[in-house]
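The next block holds one structure in the form of structure tokens; read it before the comments.
All values below come from the heavy atoms of this structure, side chains included, with hydrogens, waters and symmetry mates left out.
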Amino acid sequence: MARPKSDVKALKVFQVNIRLTLDEQIFIESQANTYGISVVQYVRRRSLNKQLPKQAISPLNREFLVELSRIGNNINQLTKKSNQNAIDRNDMDKELNLLKEMLYQIKSKILE
């Protein structure tokens, strides 16, 4: 069976050439790498106002995020236990809220 014909409107038959300075080229390449796409895909999406993918996260940062998630889960379990038992809840809640805030700040810095 033959391959189905492509839609004429979907064919990319036109080519646009642009000139860039070295700094512009380096910037565009770094942006494309940040998003994990090719330079051509990056320029096409930016010029057509299409949505860019979420930023790629390096393997090291991914490990940090997984660990932060585990810590967050532990904090939630501690909070649940403190709510079930009458263990000096005010002090425990203050500490847990402080820890959650610290974890949120760490997570934000990693995702920047």
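If you chain together ILVMFWY residues whose side-chain heavy atoms come under 4.5 Å of each other, F14 ends up grouped with L11, V13.
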Report, one line per pair, each donor and acceptor closer than 3.5 Å where one atom sits in a side chain of residues 40-49; sequence neighbours left out.
from	atom 1	to	atom 2	distance (Å)
Q41	OE1	S38	N	3.2
Y42	OH	R46	NH1	3.3
S47	OG	V43	O	2.9
S47	OG	R44	O	3.1

Between side-chain atoms of residues 96-104 and protein atoms elsewhere (two or more places apart, or another chain), which donor-acceptor pairs fall under 3.5 Å?
from	atom 1	to	atom 2	distance (Å)
N97	ND2	D93	O	3.2
E101	OE2	Q105	NE2	3.4

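Pairs passing the side-chain hydrogen bond (donor to acceptor under 3.5 Å, both in side chains) check and including a residue from residues 1-10, sequence neighbours excluded, do not occur.
In terms of the side chain to side chain donor-acceptor pair (under 3.5 Å) criterion, Q31 has no residue partners (sequence neighbours excluded).
Following chains of ILVMFWY side-chain contacts shorter than 4.5 Å, one can reach L20 starting from I37, so the two form part of one hydrophobic cluster.
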